[in-house]
> 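Got a structure for you, questions after.
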Amino acid sequence: MIHTILIVDDSTISRKIVKKCLPKDREFELFEAGDGLAGLEKFKEVKPDLVFLDLTMPVMDGVQALQEILKVDQDAVVVVQTADVQKKTISNVMDSGAFTLLRKPLSPEAVAEVLRLVEGTGQKKG
Amino acid sequence: MSIAAEQALSRDEQDILQELMNIAFGRASADLAEVIDTYVVLNVPEVRTLKVVDLPEFISTEISDHDIISIVEQSYLGRFKGVALLIFPSGAGRELLNLFGDNVEDYGEDVSMAALEKESILEVSNILIGACVGKVVELLDDEVSFSPPRIIIEDHPRNAIPCEIFEPNSLATVMRTVFQFSDRNISGYLFLINSSESFQWLKKALNLFMEQYE
Amino acid sequence: MIFEQIFNMINVGLVVLDKDLNVRHWNRWMELHSNIKAEDIIGSPIFSCFPNLDNPKFLRNCKSVFKFGNFSFFSQKLHRYLFPFKPDSTFGSEFNHMQQSCTMGPLRDESNVVSHIYLSVQDVTEIAAYERKLVERNMQDGLTGIYNRRFLDTKLQEEFSRHKRYNRPFSLIMCDIDLFKNVNDTYGHQCGDVVIKHIAALMGSVIRDTDFLARYGGEEFCCLLPEADFEIACSLAERLRQAIEQTEVTFDGQTLNITVSFGVAYMYDEVEHAEALLQMADDALYAAKKSGRNRVVAAP
């Protein structure tokens, strides 16, 4: 079961939207970071069950953060969320090892579906 | 001041607008790739509220790297209402003409290269502004009409930047982004300047957008 | 009912296209000017009757309007027309086709998705003809019919910026009829006018098609030579000089031999503004006059 979630996004509004989209009937421990590098540090510290990662961020962008996170833990479950829905971006993100890619703005339905998928596959160890 | 400070966007509302612009420009960028066959990178937009009198100064500072610019001005009219300024550095017309690879012979013999370059800038600007504004208003559930774009070609910023867009003492929300055509040496600036007239509606629309998550 | 009447009564062409660019509506104005009945074109692609529209630009703009719900503008200035119709009135006699200003915009369905686009076609032939006449008058010298000084000054500025941007070469020739005051004093001003007209016409026939010859002052001419380096400009000036030297002007049974002095200047990077180039050509012309007239002097 997913318990700890890290949300990496430079926009507070966007982080707020992610939080609002999580199922209301469940308890999560939430962590936030405002850029890719801070996100990476936070990941090392808390080893979350799931990461929501924005692509366009200052300091370290999403694709780079994704690659760094996977270096730390190759089984990390990272859900990339972006407004950029071009095929090139999608394939780039998936090739880098993202669990999936969600289109911004998120919806509760899309988030619920992702949780179901992650918990169903049992990909995450421990 | 013709508008009270509390009527301007709050910090939260600016953040929402910022995120909306992120989403809108991301979509615009994806769709633009299909329309003009080239990937346009739209950098993270920046939102701020300024007094109209300070606009020319703000814009010239933003583009201070360039001595000579071409500038396209187009107004959009809906409940979302304002003026878009698209600014290209010198020489962009030639690059854009190459980008489209249109047949010069398609036009009359008496049409000069300069006119074709100007037309390329106008056409790209019309599409780019249409894409960005179109996606923003789509998210805000509005529709806008556009005036024909006007162009000032290859001039100094001090001559080219329009000073009298709105009532000078009113406030304006400026949304700024830097864009780049990938694989091409073309970049520029887009400013969407919303008049204070649309603030009331904009505040409401932004809050409505957030409400769907409450 | 009323909307349909407006659609057909309005003095503007209106066309509605679907996503595949098939014609969905075709108003009476379009019927009258194209000689294509609505029932004959509705349902078929717009390109079947107007293959000229099957070009990247038109398609690009259709895509854009469908995707973004924006508007596209096809101005008469560059495009002349989208639909090749015959001009409607006598104003259009100088145009092969009706001049049009066209707009394309979105039409949405109930769920706010752009499902169709409209095209509006406005006949601007009369305005275009009027504008063309004004533009021509504004750049012509009344006596000789060659360009006037205003036009040349504008052209010179253009050519100057073109040089600064793209480093294209160009040259300038200033010339002045020798001892013109004597012609006026001896034979009268009417004769002077005949001489000026004659010289202008002769020079016009010698210069290249791409050059711009203007009457710059009373008996002073200026010729702008785009893409001409120093040698081309000097040899053209020399050809002009010889042609004039060999010609004879007849007025009232009398034959006059006219000569002209020339100053040539070539644009190079150190020339900082267009006026400086004019001054260089003028100085060279002055030197030609001082050293005996009827000769070409090049600016150093």
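Naming: A, B, ... by sequence-line order, numbering from 1 per chain. Small disclaimer: the values here were computed from a predicted structure and weren't measured.
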> Below 4.5 Å from any heavy atom of chain B, which atoms of C:Y166 appear? Answer side chain, backbone, both or neither.
side chain

> Side chain, backbone, both or neither: which part of C:S72 has a heavy atom under 4.5 Å from chain B?
both

> With a 4.5 angstrom heavy-atom cut-off, could you sort out which part of B:S147 is near chain C: side chain, backbone, both or neither?
backbone

> Select one option (side chain, backbone, both, neither) describing which atoms of B:L32 are under 4.5 Å from chain C's heavy atoms.
both

> Salt bridge check, C:R60 against B:E34: does any charged N sit closer than 4.0 Å to a carboxylate O?
no

> Please indicate whether B:N207 has more than 12 foreign heavy atoms, meaning atoms of other residues, nucleotides or ligands, lying under 6.0 Å from its CG.
yes

> Looking only at non-hydrogen atoms, find the nearest pair between B:G130 and C:N70 and report the distance.
CA-CB, 3.6 Å

> May I ask you to check whether over 12 heavy atoms, not counting those of C:K19, lie within 6.0 Å of atom NZ?
yes

> For C:R108, which atoms come within 4.5 Å of any heavy atom of chain B: side chain, backbone, both, or neither?
side chain

> In terms of heavy-atom contacts, does NE2 of C:H25 have more than 12 from other residues, nucleotides or ligands at under 6.0 Å?
no

> Does atom CD of B:E46 have more than 12 heavy-atom neighbours, drawn from other residues, nucleotides or ligands, at distances under 6.0 Å?
yes

> At what distance, to the nearest 0.5 angstrom, does NZ of C:K67 lie from NZ of B:K135?
7.0 Å

> If every non-hydrogen atom of B:N126 is compared with every non-hydrogen atom of C:F73, which pair is closest and at what distance?
OD1-CE1, 3.8 Å

> Could you measure the distance from the NZ atom of C:K63 to the CD1 atom of B:I127? Nearest 0.5 Å is fine.
10.0 Å

> C:K57 versus B:E119: any side-chain heavy-atom pair under 4.5 Å?
yes

> Please evaluate residues B:V35 and C:F68 with respect to the criterion side-chain contact (heavy atoms from CB on, under 4.5 Å), reporting the C-alpha separation (whole Å), side-chain torsions for both, the decisive distance (0.1 Å), and the verdict.
CA-CA 10 Å; B:V35 173; C:F68 306 124; 4.0 Å; yes

> Does B:D65 CG have over 12 foreign heavy atoms under 6.0 Å away?
yes

> Would you mind checking which part of C:N112 comes under 4.5 Å of any heavy atom in chain B, side chain (CB onward), backbone (N, CA, C, O), both or neither?
side chain

> Just verifying a value: how many Å separate B:D155 CG and C:S161 OG, rounded to the nearest 0.5 Å?
10.0 Å

> Grab the two heavy atoms, one from C:F71 and one from B:V144, that are nearest each other, plus how far apart they are.
CE1-O, 3.8 Å

